[in-house]
Amino acid sequence: MRNIFRIAIAAALLLPVMVAVRGGEVPAAEAQGAGPALCSGIQLQNTNTSAGATITMNFYRVGRTSPGGPPDASISDNINPNSSKSYYLPNILSGVPDGQYAVTTNSDQALNALVQQVSCPGASPAVAGSFSGVSATDTGTSVVLPYVLSRAFPAAGSYSSFIAIQNAGSATATNVQVAFYPAGSSTPIVTLTNTSLPANETWYLNLRTGTTTGGTSTFSSTDFNTLNGFAGSATITADQPVAAVANYSPADNTSLLSYNGTRTPGTTLYAPQVTKSYFGFTSGFTLVNQTATASAVRFRFVGSASGNPVDVSVDRPIVANGTLILYLGNVPEVPNNFNGTGIISIAPGNPSVQLVGIANLATTAGGGIFSSGAMNLVPSSQASTKLYLPQQSKGVAGFTSGWQIVDTTGAGSTGTASYYDANGNLVFSQPISLAPNGSVTVYLGNVAGVPNGFNGGVVVQMSGAVAGQGNYLNPSPGDLLTVYNAFPG
């Protein structure tokens with residue numbers, strides 16, 4: 001969800017790519033070498049408390065034969081005040097072929113948007129992933145993908161990324177570049193270029209097969225061979241504003257993780273929920289130094305109100321313009337059964353550098369149900385006294401949601417979480433209290449005031465600034481966990 005639009009539009013959002021598989025099957029030509037076969041849903045949350053939103057979603061098929069032309073399909077609707085409404089693509093799209101689509105959403109009110117990518121009914125393996133819509137003001141000519149893979153970690157399943165870059169400008173982009181930086185290196189090993197990407201269209205890169213779709217670009221066999229085993233980051237630059245999303249999965253498509261490209265660095269970043277062997281989940285981090293200066297970063301791990309009283313820090317070096325990967329399972333200072341938050345900052349006595357990154361969490365391979373998810377680390381500049389969670393569910397198609405927030409003030413805060421149904425009606429208000437640097441974990445299955453069958457949005461209002469995340473989990477076999485960033489108010 002990105003911007004491309006007129007000043008008269010109060011909100012313009014971009015969904016750089018999603019897989020909209022209607023009828024439950026992917027055509028063979030698309031399934032070969034692709035990621036998991038998915039059916040997508042879009043959740044739109046109207047943040048206006050008194051006025052309804054009139055919205056239009058325009059769908060652009062990736063790699064279509066007439067790029068730059070009108071959308072392949074359009075959907076218009078109205079969303080009540082405070083309402084968070086679901087749009088399941090197999091149910092709303094007709095007359096368009098199955099495949100991948102980028103979407104722009106225009107509205108006369110401010111919206112938050114979320115894309116849920118879930119295996120189609122009856123499809124196997126069962127996986128899910130989510131990413132956030134991007135507003136017009138959050139697109140830019142430089143975007144970073146902190147964690148990118150190409151046939152990496154073969155012993156663990158050979159993971160590869162699928163990158164979607166949408167032109168959010170008003171003119172054709174003639175110089176879109178993606179530079180790939182290996183972990184620990186300040187020099188890219190491959191740079192790919194697209195010389196003609198029309199407005200609204202998407203450049204899709206499959207790092208499993210070395211193929212691209214959309215615009216005018218090449219992915220040579222030399223480039224593909226050079227990236228074999230790649231694990232690091234990618235920096236996108238363009239002569240038009242762009243939005244980007246990265247998905248990654250193993251060769252057998254048994255898991256899916258998704259996150260947004262970012263262009264907002266900071267010297268302090270927050271991971272609202274961090275775990276180590278907590279109900280089987282352990283977190284990992286990938287940081288990118290966007291400064292031409294080497295430094296060291298401090299990872300501080302603080303236990304949640306419901307967890308053990310842990311507050312430990314570890315320092316790690318990061319090279320100039322380079323990438324740092326940290327897996328919490330390899331940090332002995334943090335005990336098992338840890339659930340809390342991560343605060344990442346510049347280690348004392350080191351040069352100040354600008355950082356971006358993602359956090360992921362996954363259950364340990366082998367034994368039981370495997371689940372995984374990823375989200376962007378939150379810079380302190382994006383902490384807010386109000387947070388929006390576009391989709392939270394309780395017992396809907398097997399899914400139940402949760403969310404977590406962390407105090408970013410160091411002084412603690414109090415407030416309320418308000419649950420609104422799909423019609424904008426207030427269902428439940430929940431008091432929230434945070435200790436200094438503390439976090440609170442909420443699982444809707446344990447919130448008695450939220451009825452079964454709830455599928456709506458949550459608004460968290462606190463006395464001090466917080467960062468947060470939401471998740472969406474189905475305990476059935478498969479990787480049916482999604483994690484997404486809360487939207488600041």
ask   = Is it true that Asp138 and Arg263 have a side-chain N and a carboxylate O under 4.0 angstrom from each other?
value =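 Looking at Arg263 together with Asp138, the answer is no, because their closest N to O distance does not fall below 4.0 Å.
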Taking the six-membered ring for Trp, is the centroid-to-centroid distance between [X] and [Y] below 6.0 Å?
X	Y	result
Phe131	Tyr484	no
Phe338	Tyr278	no
Phe153	Tyr159	no

Hydrogens and angles aside, do [X] and [Y] bring a side-chain donor and acceptor to less than 3.5 Å of each other?
X	Y	result
Asn225	Thr222	no
Thr482	Gln116	yes
Gln354	Asn289	no
Gln177	Asn194	no
Asn247	Ser258	yes
Ser217	Thr212	yes
Gln43	Ser84	yes
Asp479	Ser372	yes
Ser401	Gln391	no
Thr293	Thr291	no

ask   = Can you name the residues that form a salt bridge (charged side-chain N to carboxylate O under 4.0 Å, His left out) with Asp252, not counting sequence neighbours?
value =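 Asp252 satisfies salt bridge (charged side-chain N to carboxylate O under 4.0 Å, His left out) with no other residue.
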ask   = Distance-only, no hydrogens or angles: does the Ser150 side chain make a donor-acceptor pair with backbone N or O of Leu207 under 3.5 Å?
value =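 Side chain of Ser150 to backbone of Leu207, a donor-acceptor pair under 3.5 Å: yes, one is there.
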task = Output, in order, the C-alpha distance, side-chain angles, deciding distance and verdict of ring pair (Phe, Tyr, Trp, His ring centres under 6.0 Å) for Tyr60 and Tyr101.
result = CA-CA 5 Å; Tyr60 301 86; Tyr101 288 81; 9.3 Å; no
Steps toward side chain to side chain contact (heavy atoms under 4.5 Å, CB included) verdict (Ile163, Tyr204) = CA-CA 6 Å; Ile163 299 172; Tyr204 184 73; over 6 Å; no
ask   = Does the ring of Phe285 carry Arg316 above it, NZ/CZ under 6.0 angstrom from centre and within 45° of its axis?
value =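 Not satisfied by the 6.0 Å and 45° rule.
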